[in-house]
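Here is the structure we will look at.
Naming: A, B, ... by sequence-line order, numbering from 1 per chain.
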Amino acid sequence: MSASTYTGNDGFWKPSSTTSARNKTDSNAPVFNFSSAPLAQQRLLLPIHKHKRQILYSVENFGVVVIVGETACGKSTQIPHYLMSNGWCDNGFQIVCTQPRRIAAQTLAARVTKEVGRTLGTTVGYTVRFDNKTSENTKIIYVTDGILLREATLTDPLLSRYSVVMVDEAHERNLNTDALLGLLKKIRRKRQDLRIIVCSATIDAQAFLDFFNAAETTLNIGTIISVDGRQHAVDVLYLDKPTSNYLRSTVETALSICKLSSKNPKGVNGEGDILCFLPSGEDVDEAIRMAQEVVDSQDPTLANHLVFLPLYSKLPFNMQARVFQIDERDKHKTKRRIIFSTNIAETSVTVPRITHVIDSGLVKLPYFDPKTDFERLIVVPSSQASAKQRAGRAGRLQAGQCYRLYTENFFLKLEKATPPEILRTNLSSFILTLKALGVDNILGFDVMDLPGVDSLSHGLESLYALGAIDDDTNLTVLGMDMSSFPTEPRVSRMLLESLREECSVEVAGVCAALQVRSLFLTPRGGSSAGRQQQQLDYESAISEFADSSGDHVTYANVISHQDDRRMDREECSERFLDYVAIRRISEVRDQLLRFLKKFGRIRSLGMATVDEKRKVILKCLTSGFFFNVAKLHNDGKYYTIRGTNHILVSPSSSSIFHTHGSHAEYIIFCETHDGSRGGMELKNVSAIDPRWLRELAPHYWN
DNA sequence: GAGCACTGC
């Protein structure tokens, strides 16, 4: 098929003048059959193998080595292995490799364990939150970057166990990775023996090297090594004219790819599946409705050969799983799958069998506004790096194609990379971590991108209001205690307050619930009659737990019910409760209580009355979230009361406060979203007594 | 008539 023959609804497809999304690699590159070759042979076939000597030489002679390795070049598995075989684990030293995601740390450790020929957790292991598979003798440890950062904060500021720290996927520029890079730069001033390897998929290598070079003496300058990937070529096609409706264009492009294939003698069997990138879960659902409607009405024959699947993180687990299971009954591939996905498929998960990618060119990103203290999700054009990553998803199986729903000129004007998280986020947590690491002057801490003054001072002001730092921005005892919790500062403050109110078990449960996705299974889908009944059933089930103050005490009620009754999966679903979420909440709560135990006696409210229980839980909540208060005005609506800019806010109709609460004069909330009709929508809302504000946050509310 | 990227400790 020739893609340039397709006429889009709003424009024409034309092949890119720069042809391929892939760098350097040859389109006739051999396809390795990894499933049948013995392990040792597989390792020798990896592109990284050619660079083994160069890598070992560089690590020996340079303090910092930047490796530019494309997807599947073998860097994450092989480099630690090479280093171990060459003495970098002698004298009790260990090699640590950081990953942004848990699943990556776990699977990499498992893969390298197989190569080394031991069981997981002996020579090779991993540590992620709630899961530690290492032993005293472990030489190579895969961890999430957050774990290594906390290890430095809590126990070992110089990371003295490690001879080499390898920071993988550094180009993603997560907050944790950035903090870690800054910390490693600082450690190298004291530990010249430490070796740092930074891995990145983009050509940004020089920026990483420059970052470290600024502090290094001439003795130890870093070096860059580039390793080719094992990807197939992906042809990139652009629109001739911009589209006016990306959703419709996505659906029409996907369907026309299928129509063209069905005229091809190879038919649909010759082609892999189609992956479409859209900015939101809502768009994903809408695209599927649209696509189903088009094929049902226009092309019923094609409809029999297609399956439309959604993929986004809020989707229930079993729905997500459908994307990764190739249906047994369909092993001869009579049906072609069209997967509509958010950014989750860009890096977090790999959808199998994709040969075509359709890229809307859009992404939804959070931006924190220090002036309003709200984080907002905004749809923005994705970056060139992101577009390249999306295109690459088509080239894992065989040569593929990527349709970009914008013009080539538009692509050339896009940002090179997505703005790093450090420039977009609330920095209070980041600053508290640095303070705990002994960084007194935050402005003097070296990061790849320095956040704006507004953003830094907002972070400092919040920490001051929480009592974590003093007038001279020095860490207080309370701040030091707060920094030890794996939670954001407001939640850490709330946990510590629970010791004083003697309700730690309940408050830790509420804090855990705030971090895990919704406890309740809200009804969705189905016919309108059935749906109405479901809604009624849902409301009556919730009523059993609902407290008139709102969401937080209701969570405490559910969790305490679970402690007493140990509801199983079935009973949970009858009561519209998410069993997996509740299990997760207990796990998080128990971890929080273990941290809390260092600072005081853990108590539970036991036989306290409903009123007493409500009061102490909400006071603890107020001690952390006093920034987020709104007052009922004469017009019957809530407005924030901080500063001079009073913003209209309305409790989400899905909140317990909305369904079961009273018209309290003052409310407190933990989360905001842009509302559909202006103003902000609130999640996790409770009624509070305004006197608590002066009592618990005097320097903020006086 | 609800509902809103994705991680991580």
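In this structure, the CD atom of E375(A) is 10 Å from the C1' atom of dA5(B), given to the nearest Å. We find that CD of E151(A) is positioned 13 Å from C1' of dC9(B), with the value rounded to whole Å. Note: CZ (F277(A)) to C1' (dA5(B)) measures 13 Å, nearest angstrom. Rounded to an integer number of Å, the gap from CD of E169(A) to C1' of dG8(B) is 15 Å. dA2(B) atom C1' lies 13 Å from atom CD of E286(A), rounded to whole Å. Put simply, CG on N174(A) is 12 Å from P on dC9(B), counting in whole angstrom units. In this structure, OH of Y126(A) is placed 12 Å from P of dC9(B), rounded to the nearest angstrom. The separation between L180(A) atom CG and dT7(B) atom P is 20 Å, rounded to whole Å.
Counting non-hydrogen atoms under 4.0 angstrom, P100(A) reaches the backbone sugars and phosphates but no base. Backbone-only engagement by R101(A) is indicated by non-hydrogen atom pairs under 4.0 Å involving sugar-phosphate atoms exclusively. Nucleic acid contact class of S654(A) (heavy atoms, under 4.0 Å, all strands): sugar-phosphate only. Nucleic acid contact for V128(A): sugar-phosphate only, since backbone atoms but no base atoms lie under 4.0 Å from a heavy atom of the residue. Using a 4.0 Å heavy-atom criterion, one finds that Q535(A) contacts no nucleic acid atom at all.
Closest to the side chain of S313(A), from the set dC9(B), dC6(B), dA5(B), is dC6(B). Out of dC9(B), dT7(B), dA5(B), the shortest distance to the side chain of L377(A) is found at dA5(B). Each of dG8(B), dC6(B), dA5(B) was ranked by its minimum atom distance to the side chain of R102(A); first place goes to dG8(B).
No close placement of the F576(A) and F520(A) rings is indicated, their centers lying 6.0 Å or farther apart.
L315(A) and Q320(A) make their closest contact through O-NE2, 3.0 Å (heavy atoms, listed as atom of the first residue, atom of the second, distance). Nearest heavy atom pair, residue S652(A) against residue K683(A), reads CB-CG, 4.3 Å.
Side-chain nitrogen and oxygen atoms of S348(A) include none within less than 4.0 Å of the OP1 or OP2 phosphate oxygen of dC6(B). Taking only side-chain nitrogens and oxygens, T342(A) comes nearer than 4.0 Å to OP1 or OP2 of dC6(B).
Counting distance only, with no hydrogens placed and no angle test, the side-chain atoms of E421(A) and the base atoms of dC6(B) include no donor-acceptor pair under 3.5 Å.
A side chain to side chain contact (heavy atoms under 4.5 Å, CB included) with I339(A) is found for exactly one of V284(A), I288(A), I274(A), L309(A), namely L309(A).
Closest-nucleotide positions on DNA chain B for L365(A) and R129(A) were compared, and the one nearer the 5' end corresponds to L365(A). When each of G146(A) and P279(A) is assigned the nucleotide of DNA chain B bearing its nearest heavy atom, the one mapping closer to the 5' terminus is P279(A).
Using a cut-off of 4.0 Å between Lys/Arg side-chain N and Asp/Glu carboxylate O, D131(A) and K133(A) are scored as salt-bridged.
Annotation: salt bridge (charged side-chain N to carboxylate O under 4.0 Å, His left out) contacts of K598(A) (sequence neighbours excluded): none.
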